[in-house]
Each structure stands twice: as C-alpha cells, then as structure tokens.
Student: 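The structure follows.
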Amino acid sequence: MGMRRLPRSFYDRDTVQVAQDLLGMHLVHVVAGVERVGRIVEVEAYLGPHDLAAHSARGLTPRTKIMFGPPGHLYVYFIYGMHWCANVVTQAEGTASAVLLRALEPVKNVEGRTNGPALLCKAMGIDGRQNGHDLLGEELFVRHPGGPTSPVRVVRRPRIGVDYAGHHWARRLLRFYIRGNSFVSRP
DNA sequence: CTCCGGATTCGT
DNA sequence: CGAATCCGGAGT
C-alpha cells in the first residue's frame with residue numbers, strides 16, 4: 001500500500017527542519033521481499049558547500065553528485081575502507097545538503113546493532129548499491145509510523161567526528177537525537 | 001600517477 | 001588509544 005510515505009515536499013525544505021522532523025519516522029528497506037523497519041532516533045544535518053564539514057564542501061565530484069541532486073534521494077558513501085553511511089538528500093537540486101542517519105531503534109526484521117551510522121547501514125542492508133536511490137520508490141523509503149505517537153523531545157549537540165572542519169562548523173549544534181532513547185550512538 | 005586521510009567501529 | 005582497510009580527492 002505504501003501509505004504514510006513521506007512526499008518529495010518533506011525533503012525539499014530547510015535541512016535542519018528536515019533533520020529534526022525525521023526523528024521518530026520509520027526507515028523502511030524491503031530486502032528479498034522482507035520489510036526491514038527502523039525508527040530514526042539520531043541524525044546530523046550537513047548544510048551544503050559552505051558547510052566545511054560536508055562532503056559537498058569539496059564541490060561537485062563523482063562521489064558527491066547525489067548530494068547536489070534533487071531532494072528525497074539516498075546518498076550512500078564508503079568510509080575507512082570498510083563502512084557505509086547513508087544520508088537523505090534535502091532541499092532543491094544544487095543545494096548539496098543532506099541529513100546523515102546515525103541511529104535507529106529496531107522495529108521489525110532488523111538484526112544486529114543500529115546505534116551508529118555504519119552499524120545501521122549494515123543492519124538495514126544498505127551499501128553502495130543504494131546510492132542515489134529515490135526514497136519515493138517501493139523498496140527504500142521513509143514513512144510516518146502511524147497510529148498514536150508520543151511526542152519526542154529533541155536534544156541538540158555538535159556533530160561527531162568533524163573537528164577537521166574548524167571551530168565554527170565543528171561546534172554548530174547540528175546533531176539531533178531523541179532524548180533518553182537507548183539506541184542513540186553516543187548519548 | 002602517487003599520496004593522504006576519513007560524517008567509523010572494535011579491540012587493547 | 002590505535003588498527004583495520006580502501007577509495008575519493010588533490011597534487012605532481
């Protein structure tokens with residue numbers, strides 16, 4: 001049925017707003033006909049080429065082209081020779097902004113740890129094959145959990161592992177997580 | 001072409 | 001705190 005799937009317009013908004021609104025939403029990946037579902041509990045916003053912590057700060061390259069593309073697509077990158085990390089592309093084409101998915105709370109058919117950007121990709125079956133995937137498709141998307149939802153309190157912190165970006169960008173409060181959630185990578 | 005370092009994770 | 005492990009991006 002695909003009900004409750006977030007529309008393109010959800011992603012085509014201010015990146016900080018999208019990041020916070022993603023908290024509590026369900027990430028869904030259909031693998032071999034089985035729906036894996038995780039509740040998004042921690043994210044980070046990367047604001048575009050002017051954000052020195054963002055990959056797009058290096059300009060349009062083969063790797064970052066998805067970030068420069070239209071909103072509502074998945075940007076997946078390979079890091080440290082062994083890990084995959086996934087982002088949701090936000091705002092208009094050319095803006096090169098995205099939201100890094102840092103932790104999930106397992107909801108359905110999720111095996112293994114999900115409290116870290118590379119761990120969640122492994123558990124959800126996300127790797128380079130999903131780079132550029134349209135989140136309005138049938139196999140990989142984000143949807144509202146539906147039913148009664150308890151309000152979440154959002155904690156704002158500096159992003160993790162971006163000290164190379166300089167004081168200004170390293171100190172910005174662009175990491176968001178659900179207060180008290182036990183699946184957050186680093187409370 | 002070579003070289004450097006990383007939006008991480010795990011073990012010591 | 002350091003190793004693992006390899007590709008993207010920058011420089012020659």
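Because only heavy atoms are used, hydrogens play no part in the values below, and waters and symmetry mates are left out as well, while side chains stay in. Chain naming here is simple, since letters A, B, ... match the order of the sequence lines and numbering starts at 1 in each. Model, not experiment: these values are computed from the prediction.
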Student: Centres of the A:Tyr46 and A:His55 rings: under 6.0 Å?
Tutor: no

Student: Provide, to the nearest angstrom, the distance between the CZ atom belonging to A:Phe176 and the C1' atom belonging to B:dA7.
Tutor: 15 Å

Student: Counting runs of three or more consecutive pairs, Watson-Crick or G-U wobble, with each distance below 3.5 Å, where are the stems of DNA chain B?
Tutor: B:1-6 with C:6-11, B:8-11 with C:1-4

Student: Using atom P in both nucleotides, what's the gap between C:dT5 and B:dT2 to the nearest angstrom?
Tutor: 22 Å

Student: Can you confirm whether the side chains of A:Asp12 and A:Gln91 place a donor and an acceptor under 3.5 Å from each other?
Tutor: no

Student: Which residues within residues 93-104 of chain A lie with some heavy atom under 4.0 Å of an atom in DNA chain B?
Tutor: A:Leu100, A:Arg102

Student: Same cluster for A:Leu104 and A:Val18 if Ile/Leu/Val/Met/Phe/Trp/Tyr side chains link at under 4.5 Å?
Tutor: yes

Student: Does any N or O in the side chain of A:Ser97 come within less than 3.5 Å of the main-chain N or O of A:Thr15, such that one atom is a donor and the other an acceptor?
Tutor: no

Student: Let me know the distance between CG of A:Asp163 and C1' of B:dG5, rounded to the nearest Å.
Tutor: 14 Å

Student: Do side-chain atoms of A:Arg186 reach the backbone of A:Ile160 as a donor and acceptor pair under 3.5 angstrom?
Tutor: no

Student: A side-chain contact here means heavy atoms from C-beta on lying under 4.5 Å apart; do A:Ser185 and A:Arg175 qualify?
Tutor: yes

Student: Just checking A:Ala53: base, sugar-phosphate only, or nothing, at a heavy-atom cut-off of under 4.0 Å?
Tutor: base

Student: Any ion pair linking A:Arg13 and A:Asp21 (charged N to carboxylate O, less than 4.0 Å)?
Tutor: yes

Student: Please collect all ring-ring contact (aromatic ring centres under 6.0 Å, His included) contacts where either partner lies in residues 3-39 of chain A, sequence neighbours excluded, each pair once.
Tutor: none

Student: Is there any protein nitrogen or oxygen under 3.5 Å from a nitrogen or oxygen in nucleotides 10-12 of chain B, and what are the pairs?
Tutor:
from: B:dC10; atom 1: OP2; to: A:Arg113; atom 2: NH1; distance (Å): 2.8

Student: Atom CG of A:Leu52 to atom P of B:dG6: distance rounded to whole Å?
Tutor: 14 Å

Student: Please say yes or no: joined through hydrophobic side-chain contacts below 4.5 Å, possibly via intermediate residues, are A:Leu135 and A:Ile40 part of one cluster?
Tutor: yes

Student: Could you pull out the protein-nucleic contacts involving nucleotides 3-7 of chain C (nitrogen or oxygen on both sides, under 3.5 Å)?
Tutor:
from: C:dT5; atom 1: O2; to: A:Tyr80; atom 2: O; distance (Å): 2.4

Student: Less than 5.5 Å between centroids and less than 30° between ring planes, does A:Tyr46 satisfy that with B:dA7?
Tutor: yes

Student: By salt bridge (Lys or Arg N to Asp or Glu O under 4.0 Å), which residues pair with A:Arg36, not counting sequence neighbours?
Tutor: none

Student: Taking only the side-chain nitrogens and oxygens of A:Thr61, find out if one of them lies under 4.0 Å from OP1 or OP2 of C:dG8.
Tutor: no

Student: Roughly, in whole Å, what's the span from CZ in A:Arg63 to P in B:dG6?
Tutor: 11 Å

Student: Using a 4.0 Å heavy-atom cut-off, does A:Arg58 contact any base of the nucleic acid, only the sugar-phosphate backbone, or nothing at all?
Tutor: sugar-phosphate

Student: Answer yes when A:Arg171 and A:Asp163 have at least one side-chain N-carboxylate O distance shorter than 4.0 Å, and no when they do not.
Tutor: no

Student: Starting from P on B:dA7, measure out to CG on A:Leu74 and report it in whole angstrom.
Tutor: 17 Å

Student: Quick one: which of B:dT9, B:dA7, C:dG9 gets closest to the side chain of A:Met67?
Tutor: B:dA7

Student: I'd like to check A:Tyr75 versus A:Lys65 (side-chain heavy atoms, cut-off strictly below 4.5 Å). Are they in contact?
Tutor: no

Student: Starting at OH of A:Tyr177 and ending at P of B:dA7, how long is that distance when rounded to a whole Å?
Tutor: 21 Å

Student: Looking at A:Val37 and A:Val110, what are the two nearest heavy atoms and their distance?
Tutor: O-CG2, 3.2 Å

Student: Is there side-chain contact between A:Leu100 and A:Cys85, with heavy atoms separated by less than 4.5 Å?
Tutor: yes

Student: Which whole-number value in Å describes the distance from A:His55 NE2 to B:dG5 C1'?
Tutor: 11 Å

